[in-house]
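Okay, so here's the structure we're looking at.
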2 protein chains.
Amino acid sequence: MSLRHALLGLLSAGPASGYDLLKTFEISLANVWPATQSQLYSELTRLDREGLIEVAAEGPRGRKEYRITGEGLAELRHWLVEEPPTQSRRSDMLLRVFFLDTVTPDQAHGYLERLAVQARKEHAALRGVREQIIGQGEDALRLYGDLALEWGLRLTAAQRDWAEWAAARIAALPHQSTVPTETLTETLTAPAEAIEPAAAE
Amino acid sequence: MSLRHALLGLLSAGPASGYDLLKTFEISLANVWPATQSQLYSELTRLDREGLIEVAAEGPRGRKEYRITGEGLAELRHWLVEEPPTQSRRSDMLLRVFFLDTVTPDQAHGYLERLAVQARKEHAALRGVREQIIGQGEDALRLYGDLALEWGLRLTAAQRDWAEWAAARIAALPHQSTVPTETLTETLTAPAEAIEPAAAE
DNA sequence: AGCGTCATGTAAACTGTTACATGATTAG
DNA sequence: CTAATCATGTAACAGTTTACATGACGCT
């Protein structure tokens with residue numbers, strides 16, 4: 001359960017309300033640990049009940065500003081340095097690759113091309129983010145944000161390169177000529193045809 | 001819900017029982033889409049009820065061998081080529097990076113070093129897998145498995161390189177001397193200290 | 001006065017994990 | 001005969017998503 005640690009982490013930078021935290025999730029944490037409003041509010045209630053955070057102040061429309069407690073900070077640090085990182089490696093994208101032999105090579109090629117395009121877009125978006133924050137306040141909080149951003153850039157670049165490489169490999173297959181896509185629909189219900197192996201890179 | 005598509009994909013290669021599929025999940029699909037026995041059996045029952053798979057034969061100890069139906073194959077192909085890939089990018093590992101400023105630079109450095117070690121191990125393991133399957137039957141099913149393996153190799157390499165780069169950046173910080181780790185425990189309850197930015201790469 | 005945003009909460013459905021439970025068959 | 005493996009299922013719980021519901025405040 002890392003949602004609680006995400007919340008503790010955000011609150012370690014200063015007090016905030018559920019609404020504030022929700023915005024932060026939508027903007028900066030969306031790509032790392034998405035969370036919904038519903039989930040967020042109930043987790044905050046639980047954290048408060050368990051003493052890891054507390055209500056610092058109450059505002060206008062029932063607004064409750066939470067603050068992290070000493071116990072909460074200790075838990076956050078424990079999670080950071082003690083608990084082994086469990087990368088949940090569930091990948092929709094890669095799962096499909098395993099079964100690409102059930103569709104035509106053209107369709108498989110199309111899938112990989114789309115992955116490459118998507119990776120290029122994401123990479124460009126991250127570059128945009130980097131341009132925006134360049135020259136801004138260079139404090140401790142930014143250093144680690146930069147590391148995360150760099151990871152995003154490297155990951156999307158790797159994904160792009162791999163998808164292009166993989167698409168090219170499929171395009172290099174024999175019997176992969178200029179078949180118009182219209183005629184492929186009727187082959188959909190036929191069993192996947194055997195594919196000759198491509199030469200190693 | 002991609003578990004059902006994983007099952008359909010495996011069954012597209014030939015009939016199998018829940019037990020067989022479970023083994024396949026543990027061996028070859030564990031790193032892509034982990035699933036538990038419990039989850040698997042109930043999903044098979046559901047797929048059967050919905051007509052996407054059917055019982056082909058019954059074996060010795062209540063064994064039920066499932067076979068994919070035409071409807072199931074259609075659903076698999078639809079998922080592969082029509083539905084946009086939703087990469088669930090929830091990353092425990094990256095989430096921690098954002099909050100690394102709440103612990104000492106030494107501890108942050110240690111975290112990144114451990115990530116690098118882990119990535120190196122995983123990369124080596126995948127290399128081992130590649131050695132094992134080299135020279136084996138080179139059929140259509142293998143081609144796409146190779147693409148997936150290559151992605152694993154590239155991903156773990158990228159993770160290793162990034163973690164090393166990030167660790168080096170933290171090690172290059174000022175005031176980052178040879179502090180014995182024993183003395184760090186008392187700084188755990190103190191507020192995280194401000195960190196000077198490192199020069200760009 | 002009314003619209004947009006701020007602000008929080010609950011309920012239901014679904015997905016995933018852990019643990020419990022049971023029994024048949026085969027190999028040694 | 002007995003231990004390992006084959007083989008399936010259920011129950012309880014934890015985490016996530018979607019939808020519903022409500023109301024206060026601030027600006028024009």
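Sequence lines set the chain letters: A, B, ... in the order given, protein chains first and strands last, and positions in each chain run from 1.
For B:His5, the ring pair (Phe, Tyr, Trp, His ring centres under 6.0 Å) criterion is met by B:Trp79, not counting sequence neighbours. With sequence neighbours excluded, the residues that form a side chain to side chain donor-acceptor pair (under 3.5 Å) with A:Glu164 are A:Arg120. For B:Trp33, the ring pair (Phe, Tyr, Trp, His ring centres under 6.0 Å) test picks out no residue, with sequence neighbours left out.
A side-chain N or O of B:Ser17 and one of B:Asp20 form a donor-acceptor pair less than 3.5 Å apart.
Between B:Glu50 and B:Arg4 there is a salt bridge, with a side-chain nitrogen of the basic residue lying less than 4.0 Å from a carboxylate oxygen of the acidic one. Salt-bridge annotation for B:Glu150 and B:Arg154: present, with a side-chain N of the basic residue lying under 4.0 Å from a carboxylate O of the acidic one. Taking a cutoff of 4.0 Å between a charged side-chain nitrogen and a carboxylate oxygen, B:Arg160 and B:Glu122 do not qualify as a salt bridge. In summary, A:Glu65 and A:Arg63 engage in a salt bridge, as defined by a charged side-chain N under 4.0 Å from a carboxylate O.
You'll find the side chain of A:Val32 stays beyond 4.5 Å of the side chain of B:Val97, heavy atoms only.
For DNA chain C, the span of nucleotides reached by chain A at under 4.0 Å from its heavy atoms goes, 5' to 3', from C:dT5 to C:dT17.
Residue contacts shown for A:Arg4 are absent, as no nucleic acid heavy atom lies under 4.0 Å away.
Atom CZ in B:Arg63 sits roughly 5 Å away from atom P in D:dA7 (whole-Å rounding).
Listed in residue order, the members of residues 42-60 of chain B having a heavy atom less than 4.0 Å from DNA chain C are B:Pro60. Using a 4.0 Å cutoff on non-hydrogen atoms, the parts of residues 16-40 of chain B near DNA chain D are B:Ser17, B:Gly18, B:Tyr19, B:Gln37, B:Ser38, ordered by number.
In this structure, B:Arg61 does not reach the D:dC6 phosphate: none of its side-chain N or O atoms is under 4.0 Å from OP1 or OP2.
Taking the ring axis of A:Tyr66 as reference, the NZ or CZ atom of A:Lys64 does not stay both within 45° of it and closer than 6.0 Å to the ring centre.
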